[in-house]
Amino acid sequence: MASRRGFLTGLALAPVAFAVGCGLPEPTGIPGGGSRPLPIPPLAPSTVGDDGVRRFTLRAHSATTEILRGKHTPTWGYNGSVLGPTLRARVGEQVGFTITNDTPEPTSVHWHGMHVPAEFDGGPHQMIAPGAQWAPHWTIRQQAATLWYHPHPHGATEKHVYRGLAGFFLIDDESADTLDLPKDYGVDDIPLVIQDRRFAANGTLDESDPTDIGLLGDTIVTNGIAGAHLDLSTERVRLRILNGSSGRLYNLALADGRTFDLIATDGGLLTEPVALQQIQLSPGERVELVLTMRPGEKLALRSLPITERAGIDRATEFGFDDTFDILELRAARALRRSAALPAALVPIRPLTAVSTEPTRTFDLQWFMINGRRMDMNRIDMTIPVDTTEVWSVRNNDNWPHNFHVHDVQFQILAINGTPPPPALAGWKDTVYTGSGSTYTLAMRFTEYTDPTYPYMYHCHLLHHEDQGMMGQFLMLAPGQQPAPMPMMAGHETS
Ligand code: C2O
Ligand code: CU
Ligand code: CU
């Protein structure tokens with residue numbers, strides 16, 4: 001392991017001025033000038049049976065994909081050759097899945113951001129052996145949001161996601177429906193997963209030698225391909241953006257520096273649109289942005305160097321200095337008019353805990369949380385159901401980390417003791433943790449008690465997660481005792 005500095009203190013998150021045109025390196029262009037239309041993941045077909053359950057079928061398998069034009073790269077996908085269909089369901093609906101693993105390795109399917117029973121969470125305790133099936137089901141009980149699904153096999157998550165396994169899971173509800181937001185899927189409401197890849201000369205994905213931040217690619221891939229553009233026919237467009245990369249952070253901006261509106265973060269809509277010129281996205285995080293286009297223009301969505309870097313050692317090696325054009329937006333000569341953005345979106349009730357003193361503290365350092373690496377057979381903590389907890393998470397390191405909690409959406413109460421900026425004031429399930437900084441999070445644990453199956457919390461830089469920067473908690477009913485976990489030999493089949 002690289003030599004480490006001691007922990008860093010007192011690093012404030014200074015706002016950094018927008019820096020386009022101030023001597024930045026030229027961005028790496030879009031491969032092929034963005035000549036390929038952006039693929040839109042298809043909406044997954046589903047059927048609702050007499051039991052009222054909306055059923056979906058997913059099959060993880062290996063295939064080949066033309067990620068680079070003219071090269072057939074071996075990839076993994078759900079149903080298609082890479083990524084997966086967009087799952088969509090409404091609040092209050094029961095959903096059920098039949099998931100088949102036709103890849104050569106044991107994998108799992110985790111519902112990132114979902115309030116879901118622990119036994120169906122799809123973490124490392126719900127492995128699906130090659131050839132086997134898994135059939136999770138639950139009722140959607142959370143607000144409209146852009147969630148995603150991906151594999152979570154302990155020690156191999158990075159490679160499974162990198163090979164192509166990831167998809168969107170959109171939740172709809174009444175309040176989101178009533179708002180006049182762009183919502184025509186694939187037309188003015190666009191799912192966009194941003195990932196980085198590195199290719200060997202023969203076109204295969206290069207999985208070799210992760211850096212301390214994991215696999216870091218030199219080619220940006222959008223919705224599964226390199227070199228994409230997006231044709232737009234409306235004045236306003238909503239981009240639902242997922243950072244589906246292993247370790248790369250993006251600092252998203254429009255190439256001409258124009259302002260856009262942030263309307264939603266991981267767990268749903270904000271209270272009101274937030275006008276921004278750039279927004280940082282660490283692995284696993286989502287944002288929904290609304291942009292305004294001018295007729296006939298071409299505009300690149302760009303990633304600028306990462307500004308939130310104080311205390312990070314070897315920032316260049318972690319890709320913090322890179323500038324990429326990510327996607328070319330091409331507006332039609334005549335654009336259909338879009339409604340003005342609503343001034344108010346949805347109310348967010350602040351979570352109030354019994355005490356603002358942290359219930360628990362988490363120190364992130366090296367590949368450890370509180371000095372320990374993940375042990376599948378160790379429960380790190382138990383949480384009583386129907387409690388609101390305050391977690392204090394500190395990046396005690398000179399590496400970038402982030403922090404993700406399963407089952408819940410949290411609110412950031414403070415960053416280094418100061419209330420979060422508006423962009424971080426909504427529902428989150430994953431938060432970037434700057435070096436030396438402390439994040440105070442509030443979250444409420446409800447409903448799905450289980451003495452056997454734990455939920456995870458971890459760094460979502462996938463190499464760090466695979467290295468064991470993860471822990472497990474049980475949510476328990478009053479008086480309930482943890483039950484022994486089945487050892488990991490038994491894979492589930494149906
Ligand atoms: Cu997106 Cu535990 O993961
Ligand atoms: Cu998750
Ligand atoms: Cu990390």
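Everything numeric in this text was worked out from a predicted model, so none of it was measured. One-based numbering, in listed order, for ligands and for the atoms of each.
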Does one side chain, of Asp429 or His112, offer a donor that lies under 3.5 Å from an acceptor on the other?
yes
Using a distance-only test with no angle check, is there a side-chain donor-acceptor pair under 3.5 angstrom linking His460 and Thr430?
no
Is [X] reaching over with its side chain to a backbone N or O of [Y], donor-acceptor style, under 3.5 angstrom?
X: Glu93; Y: Arg90; value: yes
X: Gln409; Y: Gly113; value: yes
X: Arg302; Y: Asn251; value: no

Taking the N/O/S atoms of His404 one by one, which is nearest to the Cu ion (ligand 2)?
NE2
Under the ring pair (Phe, Tyr, Trp, His ring centres under 6.0 Å) test, residues paired with His463 that sit two or more places apart:
Phe367
Could you pull out the N/O/S protein atoms under 2.8 Å of the Cu ion (ligand 3), ignoring any water?
His401 ND1, Cys459 SG, His464 ND1
Would you call the rings of Phe120 and His137 parallel, tilted or perpendicular, taking 30° and 60° as the class edges?
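Taking His137 first and then Phe120, their aromatic rings sit tilted (interplane angle of 30° to 60°).
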Where does the angle between the aromatic ring planes of Trp111 and Tyr149 fall among parallel (under 30°), tilted (30 to 60°) and perpendicular (over 60°)?
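Because their plane-to-plane angle lies in the 30° to 60° range, the rings of Trp111 and Tyr149 count as tilted.
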Nearer than 2.8 Å to atom 1 (Cu) of ligand 1, the protein contributes N, O or S atoms numbering 3
If the cut-off is 2.8 Å, does any N/O/S atom of His110 fall short of it from the Cu ion (ligand 2)?
yes
Look at Glu207 together with Arg198 and state whether they make a salt bridge at an N to O cut-off of under 4.0 Å.
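Not counted as a salt bridge, because no side-chain N and carboxylate O are separated by less than 4.0 Å.
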How would you list, by chain and number, every residue that makes a side-chain contact (heavy atoms from CB on, under 4.5 Å) with Thr139, sequence neighbours excluded?
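Listed in chain order: Gln94, Arg141.
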